[in-house]
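None of these values were measured; they are calculated from a predicted model.
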Amino acid sequence: QVQLVESGGGSVQPGGSLRLSCAASESIFSANVMGWHRQAPGKQRELVATITSSGSPNYADSVKGRFTISRGNAKNLVYLQMNSLKPEDTAVYYCNVDLAITKTARYLEVWGQGILVTVSS
């Protein structure tokens, strides 16, 4: 019932930056772990970053030091600041909440539709 929508994707040159946002169709007042995953061409979906309710982040080795995940609010749930982008970062990026609690319901494993990030010269 609740939907997540990613925004902020697009095309950028190597070394550039993008900031992805994940918005909820209705306010999520409580969430456990939020995260970003990506699926590159020819590869399986992989974890990029997660952040706990206490704000503790975790990153894949491939993005550590370049990407920063942060929590937002009840509507704009989570962000992913991507700096020093590389061609290998090209992928469809998905936001995810493992447990979302809205005013009227609780949801397990909510995923966005995904948004394309292309890094090329």
Side-chain angles (χ1 to χ4, degrees):
Q1 188 171 334
V2 65
Q3 299 181 63
L4 305 181
V5 180
E6 301 91 343
S7 63
S11 297
V12 66
Q13 295 182 358
S17 298
L18 288 172
R19 190 187 190 213
L20 303 183
S21 300
C22 180
S25 60
E26 60 183 279
S27 295
I28 296 176
F29 297 104
S30 182
N32 189 16
V33 178
M34 300 182 183
W36 291 91
H37 294 70
R38 68 186 181 187
Q39 187 166 16
K43 295 185 177 181
Q44 295 183 340
R45 189 175 299 186
E46 64 177 352
L47 172 70
V48 176
T50 62
I51 188 165
T52 68
S53 60
S54 64
S56 180
N58 179 259
Y59 300 95
D61 288 341
S62 60
V63 306
K64 193 172 185 178
R66 300 187 297 118
F67 291 11
T68 303
I69 187 171
S70 59
R71 295 177 70 104
N73 54 42
K75 290 300 295 293
N76 299 304
L77 298 177
V78 62
Y79 302 94
L80 185 68
Q81 179 67 47
M82 304 184 294
N83 298 327
S84 301
L85 284 162
K86 304 175 180 179
E88 50 263 46
D89 294 318
T90 295
V92 176
Y93 285 72
Y94 302 85
C95 65
N96 161 257
V97 181
D98 67 343
L99 173 63
I101 302 175
T102 68
K103 185 178 180 179
T104 59
R106 300 184 179 190
Y107 305 88
L108 295 175
E109 293 294 338
V110 183
W111 290 83
Q113 187 176 4
I115 191 165
L116 179 64
V117 171
T118 301
V119 185
S120 65
S121 59

Do [X] and [Y] share a hydrophobic cluster, counting only Ile, Leu, Val, Met, Phe, Trp and Tyr and linking them when any side-chain heavy atoms are less than 4.5 Å apart?
X: Y79; Y: V12; result: no
X: L77; Y: I115; result: yes
X: L4; Y: L99; result: no
X: Y59; Y: I51; result: yes
X: V78; Y: I101; result: no

Between CG on residue N96 and SG on residue C22, distance to nearest 0.5 Å: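 Reported to 0.5 Å precision, the distance equals 8.5 Å.
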
In a check of side-chain contact (heavy atoms from CB on, under 4.5 Å) between C95 and each of Q113, E6, M34, H37, which one passes? E6

Whether the S56 and S54 side chains hold a donor-acceptor pair (N or O, under 3.5 Å, no angle test) is what I'd like checked. no

Verdict with supporting geometry, V97 and V2, side-chain contact (heavy atoms from CB on, under 4.5 Å): CA-CA 11 Å; V97 181; V2 65; over 6 Å; no

Identify all side-chain donor-acceptor contacts of residues 81-92 below 3.5 Å with residues at least two apart in sequence or on another chain.
residue : atom : partner : partner atom : Å
Q81     : NE2  : N83     : OD1          : 3.0
N83     : OD1  : S17     : OG           : 2.9
D89     : OD1  : R38     : NH1          : 2.9
D89     : OD1  : R66     : NH2          : 3.0
D89     : OD2  : R66     : NH1          : 2.7
D89     : OD2  : R66     : NH2          : 3.4
D89     : OD2  : K86     : N            : 2.8
T90     : OG1  : P87     : O            : 2.9
T90     : OG1  : V119    : N            : 2.9
T90     : OG1  : V119    : O            : 3.4

Measure the shortest side-chain to side-chain distance between L47 and N58 over non-hydrogen atoms and say whether it is less than 4.5 angstrom. yes

Report yes if the side chains of Q13 and S121 come closer than 4.5 Å at any heavy-atom pair, otherwise no. no

On a heavy-atom basis, which atom in [X] and which in [Y] lie closest, and how many Å separate them?
X: A49; Y: L80; answer: CB-CD1, 4.3 Å
X: N76; Y: A23; answer: OD1-CB, 3.8 Å
X: S21; Y: W36; answer: O-CH2, 3.6 Å

Please check if the number of heavy atoms outside E46 that lie under 6.0 Å from its CD is greater than 12. yes

Hey, what's the ring geometry for W111 with Y94, parallel, tilted or perpendicular (30° and 60° as the breaks)?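 Perpendicular.
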
Determine which pairs satisfy salt bridge (charged side-chain N to carboxylate O under 4.0 Å, His left out) with at least one residue from residues 102-121, sequence neighbours left out, and list them in order. none

Candidate pair I28 and V110, rule side-chain contact (heavy atoms from CB on, under 4.5 Å), full reasoning: CA-CA 11 Å; I28 296 176; V110 183; over 6 Å; no

S25 vs Q1, test: side-chain contact (heavy atoms from CB on, under 4.5 Å). Steps then yes/no. CA-CA 9 Å; S25 60; Q1 188 171 334; over 6 Å; no

Going through the distances and angles, do D98 and T50 end up as a side-chain contact (heavy atoms from CB on, under 4.5 Å)? CA-CA 10 Å; D98 67 343; T50 62; over 6 Å; no

